[in-house]
Amino acid sequence: MTTENSTIHADTTDAAGLVVENLRVRFGDFVAVDSASFQARRGEVHFLIGPNGAGKTTCVDAITGLAKATGSVRHDGREVLGTPVQKIARQGFGRTFQTASVFEGLSVLQNLDIAAGLHRRWLSLLGVRKHVDERIEEALDSTGLRDLQGTLAGVLSHGQKQWLEIGMLLVQDATVLMLDEPVAGMSFDERQATGELLRRIAPGRSIVVVEHDMDFVRDFADYVTVLHQGSVLSAGSIHEVQADRRVQQVYLGATEDIDEPEYAHA
Ligand SMILES: Nc1ncnc2c1ncn2[C@@H]1O[C@H](COP(=O)(O)OP(=O)(O)OP(=O)(O)O)[C@@H](O)[C@H]1O
C-alpha cells in the first residue's frame with residue numbers, strides 16, 4: 001500500500017501501462033483533482049473508488065482529454081496530456097460512460113462495424129461487407145454477444161449494451177479502457193459477466209474502472225486507488241485499502257459498504 005498521492009507500483013516504468021502523475025484539474029478556483037498519481041499496469045483491472053465528488057470522473061475526463069489538466073499522463077512512455085481528444089482516442093484510449101452510447105436502430109454487428117470503421121475509408125462503410133473483420137470476430141467472442149449479432153442494439157438489456165460498448169472499444173484497438181460505473185443498474189448475473197469480461201480482455205490492456213459497487217470491486221479488482229477530495233488517499237489491493245483506517249473513516253461518512261469486520265482489524 002502507498003501513501004497519499006504517490007505513484008503506486010514499485011514498477012513505474014512507462015512501458016508498464018498508463019502512468020498518471022501529479023494530475024491537477026481546476027474549475028475556476030475549485031481544485032477538483034489535486035496532484036493525483038496512479039499507475040494502471042497492462043493486464044490489470046484497476047479500480048478508482050471514492051465517495052461522491054472525490055474527483056474520479058474528472059480524472060478520467062482529464063486523462064481522455066475532456067478536461068483541461070496539468071501534470072502528466074503517459075501511455076507506453078508517450079505523453080498524452082494536452083493532446084486533442086480525437087488524437088488521444090487514436091493513441092489507444094477508449095472510454096465508456098454510465099449511459100451506453102450505442103446506435104439503437106442498428107444491429108450489434110452493425111454497431112461493431114461502424115466502430116471498426118474508425119480507421120477505414122468512410123465510403124467503404126457504405127459498400128457491401130465482403131468479410132467480417134477479425135477484430136469484430138474477437139469482440140463478438142470476448143463480449144459474449146455472438147448469438148445476438150443480428151439483434152438491434154435498442155432491444156438489448158442494459159448489461160448487453162454496456163458489453164457492446166466495450167466491444168466497440170475493442171474493435172478500435174483501445175489498449176487503455178476507462179469505464180465509468182459499468183455495472184450500475186445491472187443484475188447480479190450481468191455484473192458477474194461484466195467482471196469476467198474485464199478479466200478476459202485485460203491481458204495486453206490497461207483497464208481503469210470508476211466504480212461505487214464495492215461487491216464488484218472486491219470480486220474483480222487487481223488494484224485499487226482511493227480518491228478523496230481530489231487526492232489519492234490510499235492504494236493497494238482491495239484488502240489493503242479496506243484495512244486502511246483513513247479509507248474506513250472516509251467511507252464511514254459516506255457508506256458503510258467498505259467497513260467490513262474481517263478487514264477492520266487487519
Ligand atoms: N464542470 C465542472 N465545473 C465545476 N465543478 C465541477 C465540474 N465537474 C465536476 N465538478 C466538481 O468536481 C468535483 C469532482 O467531481 P467528479 O464528478 O469528478 O467526482 P466523482 O468522484 O466522479 O463523483 P461521483 O462518484 O458522484 O460521480 C465535484 O465537487 C464536482 O462538483
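Just follow the structure's listing: the first ligand is 1, and inside any ligand the first atom is 1. In this text the structure is predicted, and so the values were computed from the model without any measurement. Throughout, residue positions are numbered sequentially from 1 according to the sequence presented.
The contact set between ligand 1 and Ala54, taken as ligand atoms under 4.0 Å from a residue heavy atom, comprises 19 (O), 20 (P), 21 (O). Which parts of ligand 1 touch Phe30 is read off a 4.0 Å heavy-atom cut-off, strictly below it: atoms 11 (C), 12 (O), 13 (C), 29 (O).
For ligand 1, the polar-atom distance check against Ala32 finds no nitrogen or oxygen pair separated by under 3.5 Å.
Checked for salt-bridge contact, Asp219 and Arg199 miss the test: no charged N lies under 4.0 Å from a carboxylate O. A salt bridge links Lys161 to Glu104: one of the charged nitrogens lies within less than 4.0 Å of a carboxylate oxygen. A salt bridge does not link Asp141 with Arg200: none of the charged nitrogens is closer than 4.0 Å to a carboxylate oxygen. Ionic pairing of Asp61 and Arg95 is present here: one or more N-O contacts between side-chain nitrogen and carboxylate oxygen are shorter than 4.0 angstrom. Using a 4.0 Å cut-off between a side-chain N of Lys or Arg and a carboxylate O of Asp or Glu, Glu211 and Lys56 do not qualify as a salt bridge. A salt bridge links Asp244 with Arg246: at least one charged nitrogen is closer than 4.0 Å to a carboxylate oxygen.
Counting only heavy atoms of the protein, atom 17 (O) of ligand 1 lies nearest to Thr57 CB, 3.9 Å. Closest protein heavy atom to atom 14 (C) of ligand 1: Gly53 O, 3.4 Å. Scanning the protein for heavy atoms near atom 21 (O) of ligand 1, the closest one is Lys56 NZ, 2.7 Å. Among protein heavy atoms, the minimum distance from atom 5 (N) of ligand 1 is reached at Phe27 CD1, 3.4 Å.
Contact annotation for atom 31 (O) of ligand 1: protein absent (non-hydrogen atoms, distance under 4.0 Å).
Taking a 4.0 Å cut-off on heavy atoms, Gly55 registers as neighbouring ligand 1. Taking 4.0 Å as the cut-off, Pro51 counts as a neighbour of ligand 1 on heavy-atom distance.
By the rule that hydrophobic residues join a cluster once side-chain heavy atoms approach within less than 4.5 Å of another member, Val209 and Leu66 end up as members of separate clusters. Cluster annotation: Leu81 and Val176 are assigned to the same hydrophobic cluster (Ile/Leu/Val/Met/Phe/Trp/Tyr, side-chain heavy-atom contacts under 4.5 Å, transitive).
Counting heavy atoms only, Thr58 comes closest to atom 15 (O) of ligand 1 of the residues Thr58, Leu66, Asn52.
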